[in-house]
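For reference, the structure is listed below as structure tokens.
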Amino acid sequence: MLKNIVSSGSRATREGFGAGLLELGRQNPDVVGLTADLMESLQMHHFQKEFPERFFQCGIAEANMMGIAAGLATAGKIPFTGTFANFSTGRVYDQIRQSIAYSHKNVKICASHAGLTLGEDGATHQILEDIGMMRMLPGMTVINTCDFNQTRAATIAIAAHHGPVYLRFGRPAWPVFTPDNQKFKIGKALHLASGKDVTIFATGHLVWTSIEAAKELAEQGISCEVINIHTIKPLDDEAILDSVSKTRAVVVAEEHQRNGGLGDAIANLLVHQMPVPMEYVGVKDSFGESGKPLDLLDKYGLGKKDVLWAVKDVLDRKK
Amino acid sequence: MLKNIVSSGSRATREGFGAGLLELGRQNPDVVGLTADLMESLQMHHFQKEFPERFFQCGIAEANMMGIAAGLATAGKIPFTGTFANFSTGRVYDQIRQSIAYSHKNVKICASHAGLTLGEDGATHQILEDIGMMRMLPGMTVINTCDFNQTRAATIAIAAHHGPVYLRFGRPAWPVFTPDNQKFKIGKALHLASGKDVTIFATGHLVWTSIEAAKELAEQGISCEVINIHTIKPLDDEAILDSVSKTRAVVVAEEHQRNGGLGDAIANLLVHQMPVPMEYVGVKDSFGESGKPLDLLDKYGLGKKDVLWAVKDVLDRKK
Amino acid sequence: MTDDTIPSSPSLAERRKQCNFYYMADFSKLHELCAQVRRDIVRMVFNVQSGHPGGSLGCAEFFVALYGNVLKHRPKPFKMEGKNQDMFFLSNGHISPVWYSVLARTGYFPVAELNTFRKLNTRLQGHPATHEGLPGVRVASGSLGQGMSAAIGAALAKRLDGDKRWIFCLTGDGELEEGQCWEAIMFAAHHKVDNLIVTVDWNGQQIDGPTDRVMSLGNLPAKWKAFGWDVLVLEQGNNLEAVIAMLRRAKRRTGKGKPVVILMKTEMGYGVDFMQGTHQWHGKAPNQQQFDSAMQQLPVTSLGDY
Amino acid sequence: MTDDTIPSSPSLAERRKQCNFYYMADFSKLHELCAQVRRDIVRMVFNVQSGHPGGSLGCAEFFVALYGNVLKHRPKPFKMEGKNQDMFFLSNGHISPVWYSVLARTGYFPVAELNTFRKLNTRLQGHPATHEGLPGVRVASGSLGQGMSAAIGAALAKRLDGDKRWIFCLTGDGELEEGQCWEAIMFAAHHKVDNLIVTVDWNGQQIDGPTDRVMSLGNLPAKWKAFGWDVLVLEQGNNLEAVIAMLRRAKRRTGKGKPVVILMKTEMGYGVDFMQGTHQWHGKAPNQQQFDSAMQQLPVTSLGDY
Ligand SMILES: Cc1ncc(C[n+]2csc(CCOP(=O)(O)OP(=O)(O)O)c2C)c(N)n1
Ligand SMILES: Cc1ncc(C[n+]2csc(CCOP(=O)(O)OP(=O)(O)O)c2C)c(N)n1
Ligand SMILES: [Mg+2]
Ligand SMILES: [Mg+2]
């Protein structure tokens, strides 16, 4: 099963967003776009070109953009906001909280350049806390997609879901390995490979990393279940517990702080339902820095080797 | 031991902050205060009256206040910012992140009116995600005090600690039960009562609630260890693991979302080191509402009864 | 004859009534409503010993003028999307008492519900919210500085839809210290959002004192003008006729490529002598004796207390 | 004779040297430094194929004027608290290349370190940071809109300490769309922070296009004036003498109860013909051919490449 998962080339997840948004624009006249002076970084220029009157340039004013999106949603539009993940969350948390989440507004907060793989811009831009922030908000749907195809599909899917959504994706070209005609089901974990020794739950860019690690582990005789948790909230409790009841050892891999993210979300579930040994692959309570995406993942412990070690550590503890 | 913990009356934790800040003002000429149009709510008027030239009224502009604090700290001052917990965190997360945490600034972010016990102002003001946000920030010290005396002591202690601190306290009068001449040790969990069946880790207002619950449980023959986790970051791993290795069942009680707060911080530690059954006493992924503080705690599952149930639930699972 | 003309035309009132729009043509009734709203405010705040009477009292005329006479709105059934209606957004959410009173008394929900203000399980939250489904509220407010942005979004949507009605928004003056307000102000001018009328409750007060002392807004008209708005100054924000006339004038100024702002001078606490002209009553409830004194100053009306 | 006088006095240069303050009296040397800084910028960005050449090139004169001539500063040992020195805060952190080049070439750290820009383990982060201990940087920037606030805080501290030196700050013009800037601008006027000189890089460009199209700043001088600042407009922000003269003039305008702003017109990409006057090079690196062309336009100087 693992062997069948292969990459068909590399494309940025944010391009998947751009493609999905353009399609949506054609399907649904209520879909509108907003950006805060980062139109092309978000790949929203395709939409803007075809639907200029449905696209709102907000300038460098993210707080106002969130409020405007809330107002547009109030009047029945489906606004997609686009800026970097840092400026989509921490910069505007209170605005999202009050005007969008608490007010039940149908706003899609679309966030690119999340995590370390942003690369050279460095720590001020490399948000590693956004999943943590967004998953604390009642009523928020939190999605972190793993490749171009999934991001495109998720973009289209969230328009059909009524309610606020945080859609997180990234900057660099990244292996594409999910089907290009997939249907995206919010809240439904994707079972990528069956195994019996340990379950690796991964999200975003680290899904591919985890697949690669699992392939290597398979050669060493370690059988990993690999599950793509694209939706961090609502969490697919059932899929998680099903898998863990079998493997009884867990590794969680995410491009995020070890505090507050998917790791904590799963730990929260497991200590309540099924306490088992867990290891996290994630940033260890530090800021990032400038560098090339892969070098950064390596330095901060988010590489394939780190997934391998985490699996071995957790298997040691399982004994 | 539990029996000896009695309340000597009620005072608001924020008054402890006001008293501590005034004392600090007298001790240390580098201490300066800032507020964003909430001077008396924060009880900073005592300081302001005595040291008007060292107090900066920022108006309703929290983002700017955080930046100004960073600048004051750069030049060697020890700024204490004061506003509601909501406006101290979510409103200004990116400013804290870049200008304070990432820049290693010696700023003390002091936050009142945290949680449900804010009362009638309702959900827009009742932040239940602030601990979660602040504990994700590298280098941030996160403290949530339990009564007047502890808040006063903590206020004084954080001035002596170099680095950014988030100090969280509340609005209502609340039982005072810790010594009035205490020394506050950042990062050192306070062992309040020894027990063998379960450990209750509590923070903030819910420490008192947990003590009351533990007293009642003692009468029912259930022996609770009660530990006051006033410092959520850095977490006192040793004290926690020591206790859990004995009781092997954990309840965490906090005036916060169950997602992202002290519960998740302890779950994170335990799944890595000592997976055991846990229950959370906290808000279950919902916004608050207007009402009286105790009624709200009751409705949202943060009352004494909820600690009792959580203990019983976890003991069931421990078997 | 358009609805911008003063005095108001009974035929318009009739037409609106037939379509189930709310409209009050009779000025003496509007005055009476103002008086009753003031009683409601003080009673609500006294009742739960919490809330914000000062700003609420100062804005009674504004809300009565807006909901009683200027706004084209259908209280029942309340439609979130407000298509072909005027929409109002309250940014300074702490003055919820005056809004709730006027919403109730123009038919959005039962007047008796005012009695639940700020109590557990109420729809009348301390700060206005949509969470419990209170008719009339479209976006929550309370954390300051956010309402104008939402109003602009709604105005853009109307423009997209070819809907010719107006968006109204009220903000506090202290609230203008929030940077987000200036983001919104800049945006509205740049995008020529000219179906929008913002009113500033220019009472010169905020929590910690007079605005001039806490964080001066300086030359406020000059600020708005420099940001590209059409600026109207209303000196008599507590004069009902003046407020109505100004709101109508503002409507006539729309559609010309500029957003319109009314800088409305009001007196915080207006109508209750000891609350008047001071920041002290921004967010404080009267005690029994103060309550009695206020009730004496605010005469009973034919509308009746809730 | 004060250090505000032009042409600069050799004796002052001497005095400053003796106290280990940096000071460059010779204008031809300052011009040469400008030229070298431009080479540094393009080489740094080309080297890692990332970074922001446009705004950096446009601000070369400003940084050389400031660090070479106007600022009283001691590069070594760098003191975070900057007591009795002038302090500078860069708010638009993306133009780090120009700052790093000037910091290195005025002695804050080895010029060779420019070669590490944006590479793993560097102190020269993509956006300026204190985290790795780079001398010269006091507060991180990159997320826009925050630097003016920090500068004001430092200015307040100097006032408390009776320290008579100045605080300087540079912000982008697009950056002024951030509401926090207007909070800071309002604060500084209200608190009469008159030991502060803010400069705006008024290049009329931002990422998505000309500022006028993306989010117009409208009448920018009127905005600052309405917010209570003493406003100076510099038409020739890429003329070194004009920048120095303006910075000195600004210093003379301080101490009078108002914060001072210089609206400095620059050309984005100045000095490299194909980068000039467009937003396209805000954050793009040249390819080999473009790099060669740029290097031809920016002559080698006696200072030498890093
Ligand atoms: C973001 C934010 N900061 C602070 C507060 C606390 N607060 C509530 S009302 C108020 C004063 C508002 O002043 P103004 O807008 O003039 O209203 P008025 O007092 O005149 O009613 C403040 C600071 C808040 N609600 N939101
Ligand atoms: C808060 C925030 N939002 C968005 C960005 C992305 N960004 C970086 S530079 C820039 C444009 C800045 O324009 P300006 O200040 O005029 O600088 P210039 O392009 O002229 O160098 C933007 C939008 C950012 N760094 N920070
Ligand atoms: Mg006011
Ligand atoms: Mg610019």
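Every chain is numbered from 1 and lettered A, B, ... according to where its sequence line falls, protein lines coming before strand lines. Just so it is clear, the model here is predicted, and its values are computed rather than measured. Values below: every heavy atom of this structure, side chains too, minus hydrogens, waters and symmetry copies.
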> For D/Glu183 and B/Ala63, which heavy atoms make the closest approach, and how far apart are they?
Replying inline: OE1-CB, 3.6 Å
>> I need the minimum non-hydrogen distance between D/Gly153 and B/Leu72, along with the two atoms involved.
In response: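 Closest heavy-atom pair between D/Gly153 and B/Leu72: O-CD2, 3.4 Å.
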> Which is it for D/Asp161 and B/Lys77 under the side-chain contact (heavy atoms from CB on, under 4.5 Å) test, yes or no, and what are the steps along the way?
Replying inline: CA-CA 10 Å; D/Asp161 292 343; B/Lys77 303 297 167 196; 2.5 Å; yes
>> Quick check for you: among D/Ser141, D/Gly147, D/Ala151, which has the greatest number of heavy-atom pairs under 4.5 Å with chain B?
In response: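 Looking at each option in turn, the highest pair count goes to D/Ser141.
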Quick check on [X] against chain B: is it the side chain, the backbone, both or neither that has a heavy atom closer than 4.5 Å?
{"X": "D/Glu132", "value": "side chain"}
{"X": "D/Met87", "value": "side chain"}
{"X": "D/Lys79", "value": "neither"}

>> Applying side-chain contact (heavy atoms from CB on, under 4.5 Å) to B/Asp94 and D/Gln146, what does each step give before you reach the verdict?
In response: CA-CA 9 Å; B/Asp94 188 41; D/Gln146 302 187 30; 3.3 Å; yes
>> Run the side-chain contact (heavy atoms from CB on, under 4.5 Å) test on B/Thr74 and D/Glu81 for me, step by step, so that the C-alpha distance in whole Å, both residues' side-chain angles and the decisive distance to 0.1 Å come before the verdict.
In response: CA-CA 6 Å; B/Thr74 301; D/Glu81 300 190 3; over 6 Å; no
>> Just so I know, are the side chains of B/His104 and D/Thr130 near enough to count as touching, which here means a heavy-atom distance under 4.5 Å?
In response: yes
> Are B/Tyr102 and D/Val139 close enough that some pair of their side-chain heavy atoms sits under 4.5 Å apart?
Replying inline: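 No, every pair of side-chain atoms sits at 4.5 Å or beyond.
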> Rounded to the nearest 0.5 Å, how far apart are CG of D/Leu160 and CZ of B/Phe56?
Replying inline: 4.5 Å
> From B/Arg54 CZ over to D/Leu156 CG, what is the distance, rounded to the nearest 0.5 angstrom?
Replying inline: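 Answer rounded to 0.5 Å: 14.0 Å.
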> So, the side chain of D/His191 versus the backbone of B/Gln57: is there a donor-acceptor pair under 3.5 Å, distance only?
Replying inline: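 It does hold such a pair.
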> Short question: side chain of D/Ser149, backbone of B/Ile68 - any donor-acceptor pair under 3.5 Å?
Replying inline: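 Pair absent, no side-chain N/O of D/Ser149 close to backbone of B/Ile68.
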May I ask you to check whether over 12 heavy atoms, not counting those of [X], lie within 6.0 Å of atom [atom1]?
{"X": "B/Glu53", "atom1": "CD", "answer": "yes"}
{"X": "B/Lys185", "atom1": "NZ", "answer": "no"}
{"X": "D/Lys83", "atom1": "NZ", "answer": "yes"}

